[in-house]
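All heavy atoms count here, side chains included; hydrogens, waters and symmetry mates do not. Letters A, B, ... are given to chains in the order of the sequence lines, protein chains preceding strands, and every chain is numbered from 1.
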Amino acid sequence: MTDISAGSEVRVRFAPSPTGYLHVGGARTALFNWLYARHTGGTFLVRIEDTDLERSTPESVQQILDSLEWLGMTPDEEVVYQTRRAPEHKAYVDAVMASGHAYHDYCPKEKLEALREQAKTEHRAFVYRRGLLTEDEIERFKASGEPGVIRLRAPETGNTGYDDLVYGRIEAPNETIGDFVIARADGSPLYNFTNAVDDMDMGITHVCRGEDHVSNTLRQVLVYEALGRPTPQFAHLPLILGTDKKRLSKRHGATSVMQFHEEGVLPEALLNFMALLGWSPEGSEPEEVMSLDRLVEAFTLEKVNKSAAVFDYDKLHWMNGMYIRQLPKEEIYKVVVPALDEAYGAAGGPGDEPPGRAQWLRDIIDLEIERSRTMKDFAVNLDYFFAAPTEYEEKAAKKLLSTQEQIDRVRQVTAEIDKAWPAGAATRDEVHDVLDAHLRAWCEANGVKFGQAVHPVRLALTGRTASPPLFDVLYNVGKIDTVARLTALADYAEKRLVVS
RNA sequence: GCCCGGUUCGUCUAGCGGUUCAGGACAUCGCCCUCUCACGGCGAAGAUCACGGGUUCGAAUCCCGUACCGGGUACCA
């Protein structure tokens, strides 16, 4: 077995089968291929493995391509579709038949089943070999009209192996491999054959894929050998698991790339996070938040791990928050303004008051940037700017508004805010500073703790106990609404008092 | 069953025979900042390096075995 000559230009490929959307496992595989290509100045290709007609769909193809594009990993050459390469596949099957490395096999499924069962009870590996059937049997099966499959004739002694760039030497005795099927009875070729043959024709130098393909790689090495062709380098990547250490699936949360998109995860953050699943940069000082350029620069196959990694949504969201805070504000507005429009329409806002709704939207978005972990958080957390709260956090209401004294103070604070609010077109800072100073002075004079005065205001305006700095919220809610909301809270609290 | 892998804090990981009674990050908890939350800063807790044998003056690091987990063993990919 020979390897593709070192030094030639790197060509890698991502080869998904279009039987569903692109999930994080596939996306991580694509990313490692893409990073490796960029790091080495090589070429990144995509091949759609759609030979399973039963399960492949054009929708899946489109979804996978869309997802890759969203992540910014577009192929450097035209996408290859396996089903369009049927003539080439047939030529290779013919070649391997002609050279005696493959043969027709007429063994019916029932007999195979029986053989498998028997092997199991004898604690042996089941391996199919030419010669399992007598000439008589072959003739009889042939005559029955049952179409035969084509099997590759595998060596019976010695070992087959290869050097995995991640796992090291992988080797198995040939007596455990057996003659495997390379083409169905209808002539259509199977994965282990097409995969190897297409990689040859595409000039792939490095096959980088999930760890679930390690065992099959041995079979593919046999295909290369049967064809007398050098093998590419192989690098297998550890699997990605869910929190229960089982293979990541829908019940763990989002698994499809587009689902992360919809949930407001930024592509850069997803990429960064996925890169750290099974890989870490060389060097003594640890890096976690890494730009795409930095990832490309630092990425090597040598630093890929062998063991499976659990997908941690918390850490992804933390990292996404980091990326949101790094984003230029304009980028955030571009996404969040339309999201707010969609969620709330023309509700709320400053009306015709200067500086106008567009600026108002930007102002309130600014308030949530350091508080958001996904792009979706904005619309959820800014709701009170678009409509007065309809309910108040129960625990806070009980604590802050259970005595007449407390309620009276809310009314006093309301009056003070109303009185102190700067007239005319004051800026946010002016409003903030003036109200802050006035209320503090009032608290001082009346022996009220600042927090005591301010907490009910927050509850009145937002319905919650947590929000951006209160006077910034006030500014964007506006004087009239602020007073109205405070009055509403006091009325509500009084009603509760009477009832109880 | 057989073949092939994997196993360091809850999670992602650093570590590639001695400078590590194991470092960082997320999550958790505490303190600071502070009108709350968040951001930021500081700190705490958290790993007998799956287990058992070797090799060695010395092992998370090398070797063997066991356990557990995963993959393959298809006319799926």
Side-chain angles (χ1 to χ4, degrees), chain A residues 15-19 49-52 54-56 82 105 109 112 116 119-127 147-151 161 164 167-168 170-173 175-178 180-192 194-195 209-219 236 238-239 241 243 245-247 273 276-281 283-289 305-319 321 325 367-373 381 396 436 439-440 443 449-455 457-459 462 464-471:
Chain A
S17 63
T19 55
E49 307 226 322
D50 51 0
T51 52
D52 184 349
E54 305 272 306
R55 299 194 298 148
S56 301
Q82 280 193 320
D105 169 44
K109 285 179 180 167
L112 280 176
R116 261 192 271 271
K120 206 166 178 177
T121 57
E122 290 169 14
H123 295 206
R124 281 182 6 242
F126 170 71
V127 287
V149 298
I150 295 173
R151 284 181 187 273
D164 197 289
Y167 287 91
I170 301 286
E171 206 169 32
E175 64 248 31
T176 64
I177 296 180
F180 56 97
V181 179
I182 59 171
R184 300 180 177 92
D186 67 4
S188 62
L190 257 18
Y191 168 76
N192 279 135
T194 53
N195 189 271
R209 82 241 286 197
E211 190 250 21
D212 47 332
H213 291 290
V214 168
S215 298
N216 278 146
T217 302
L218 265 14
R219 275 167 259 275
H236 288 89
L239 262 24
L241 310 175
T243 10
K245 306 244 180 192
K246 293 271 161 55
R247 236 180 138 126
F273 179 74
L276 265 14
L277 244 33
W279 175 83
S280 62
S284 47
E285 74 267 18
E287 295 177 82
E288 297 256 277
V289 181
N305 280 157
K306 293 182 178 71
S307 52
V310 172
F311 194 95
D312 183 354
Y313 289 86
D314 276 344
K315 191 158 184 178
L316 200 220
H317 285 134
W318 162 77
M319 188 168 276
R325 265 157 252 131
L367 296 179
E368 283 296 329
I369 290 176
E370 68 187 22
R371 271 163 265 268
S372 293
R373 288 161 88 93
N381 293 337
D436 189 279
L439 256 187
R440 277 182 201 278
C443 285
K449 280 217 220 127
F450 191 62
Q452 283 182 309
V454 131
H455 293 321
V457 179
R458 169 170 288 110
L459 193 65
T462 68
R464 309 183 190 144
T465 52
S467 83
L470 187 63
F471 298 108

Nearest-neighbour nucleotide for the [X] side chain, [options] considered:
X        : options                : answer
A/Asp312 : B/rG10, B/rG24, B/rC3  : B/rG10
A/Ala309 : B/rA27, B/rU36, B/rC12 : B/rC12
A/Ile170 : B/rC4, B/rC35, B/rC26  : B/rC4
A/Arg373 : B/rU7, B/rG5, B/rA27   : B/rA27
A/Ala125 : B/rC75, B/rA25, B/rC2  : B/rC2
A/Arg371 : B/rC76, B/rC35, B/rA38 : B/rA38
A/Val181 : B/rC75, B/rA77, B/rC26 : B/rC75

Report the base-pairing partner of [N] (Watson-Crick or G-U wobble, both distances below 3.5 angstrom), or none.
N      : value
B/rU7  : B/rA67
B/rC49 : none
B/rA59 : none
B/rU28 : B/rA44
B/rC2  : B/rG72

For [N] versus [M], give the span between their [atom1] atoms, rounded off to a whole number of Å.
N      : M      : atom1 : value
B/rA60 : B/rG15 : C1'   : 8 Å
B/rA14 : B/rU55 : C1'   : 26 Å
B/rU7  : B/rG52 : C1'   : 15 Å
B/rU19 : B/rC2  : P     : 42 Å
B/rC9  : B/rA50 : C1'   : 14 Å
B/rC12 : B/rU73 : C1'   : 32 Å
B/rC26 : B/rG1  : P     : 43 Å
B/rC57 : B/rA25 : P     : 39 Å

Determine the contact category for [X]: base if any of its heavy atoms lies under 4.0 Å from a base atom, sugar-phosphate if only primed atoms, P, OP1 or OP2 are that close, otherwise nothing.
X        : result
A/Thr51  : sugar-phosphate
A/Leu239 : sugar-phosphate
A/Pro469 : base
A/Pro468 : base
A/Val310 : sugar-phosphate
A/Gly278 : sugar-phosphate
A/Ser215 : base
A/Glu171 : sugar-phosphate
A/Tyr191 : base
A/Ser307 : sugar-phosphate
A/Arg55  : base

Item to complete: Decide side chain to side chain contact (heavy atoms under 4.5 Å, CB included) for A/Lys120 and A/Phe126; before the verdict, give the C-alpha distance in whole Å, the side-chain angles of both, and the deciding distance to 0.1 Å.
Response: CA-CA 7 Å; A/Lys120 206 166 178 177; A/Phe126 170 71; over 6 Å; no
Worksheet item: Considering only heavy atoms from C-beta outward, does the side chain of A/Ser307 approach that of A/Pro238 to under 4.5 Å?
Response: no
Interatomic distance where [atom1] belongs to [X] and [atom2] belongs to [N] [whole Å]:
X        : N      : atom1 : atom2 : answer
A/Ile369 : B/rG40 : CD1   : C1'   : 16 Å
A/His213 : B/rA74 : NE2   : C1'   : 15 Å
A/Asp212 : B/rG5  : CG    : C1'   : 12 Å
A/Lys306 : B/rG71 : NZ    : P     : 20 Å
A/Leu190 : B/rC75 : CG    : C1'   : 6 Å
A/Glu211 : B/rG6  : CD    : P     : 9 Å
A/Phe126 : B/rC3  : CZ    : P     : 16 Å
A/Glu370 : B/rA38 : CD    : P     : 11 Å

Short side-chain N/O contact from [X] to OP1 or OP2 of [N], under 4.0 Å:
X        : N      : result
A/Ser280 : B/rA14 : yes
A/Arg151 : B/rA74 : no
A/Asn305 : B/rA14 : yes
A/Lys315 : B/rU13 : no
A/Asn216 : B/rA77 : no
A/Arg184 : B/rC76 : yes
A/Arg219 : B/rU73 : no
A/Arg325 : B/rC39 : no

Discussion item. Checking A/His213 against A/Tyr191 for the side chain to side chain contact (heavy atoms under 4.5 Å, CB included) test, could you report, in this order, the C-alpha distance in whole Å, the side-chain angles of both residues, the deciding distance, and whether it holds?
Written reply: CA-CA 11 Å; A/His213 291 290; A/Tyr191 168 76; 2.8 Å; yes
Fill in: Side chains of A/Arg209 and A/Asn216, donor plus acceptor under 3.5 Å
no
Discussion item. Is there a side chain to side chain contact (heavy atoms under 4.5 Å, CB included) between A/Thr465 and A/His455? Walk through the geometry before answering.
Written reply: CA-CA 7 Å; A/Thr465 52; A/His455 293 321; over 6 Å; no
Is there any protein nitrogen or oxygen under 3.5 Å from a nitrogen or oxygen in nucleotides 29-32 of chain B, and what are the pairs?
none

Worksheet item: A/Leu439 and A/Phe471: side chain to side chain contact (heavy atoms under 4.5 Å, CB included), yes or no, with the steps?
Response: CA-CA 11 Å; A/Leu439 256 187; A/Phe471 298 108; 3.8 Å; yes
Discussion item. Quiz question: going by heavy-atom distance under 3.5 Å, is there a donor-acceptor pair between the base of B/rC2 and the side chain of A/Arg124?
Written reply: no
Worksheet item: How far apart are the C-alpha atoms of A/Ser188 and A/Arg184, what are their side-chain angles, what is the distance that settles it, and do they pass the side chain to side chain donor-acceptor pair (under 3.5 Å) test?
Response: CA-CA 5 Å; A/Ser188 62; A/Arg184 300 180 177 92; 2.9 Å; yes
Worksheet, complete the sentence: Contacts of A/Ser17 and A/Tyr167 projected onto RNA chain B by closest heavy atom; the upstream (5') one is A/Tyr167
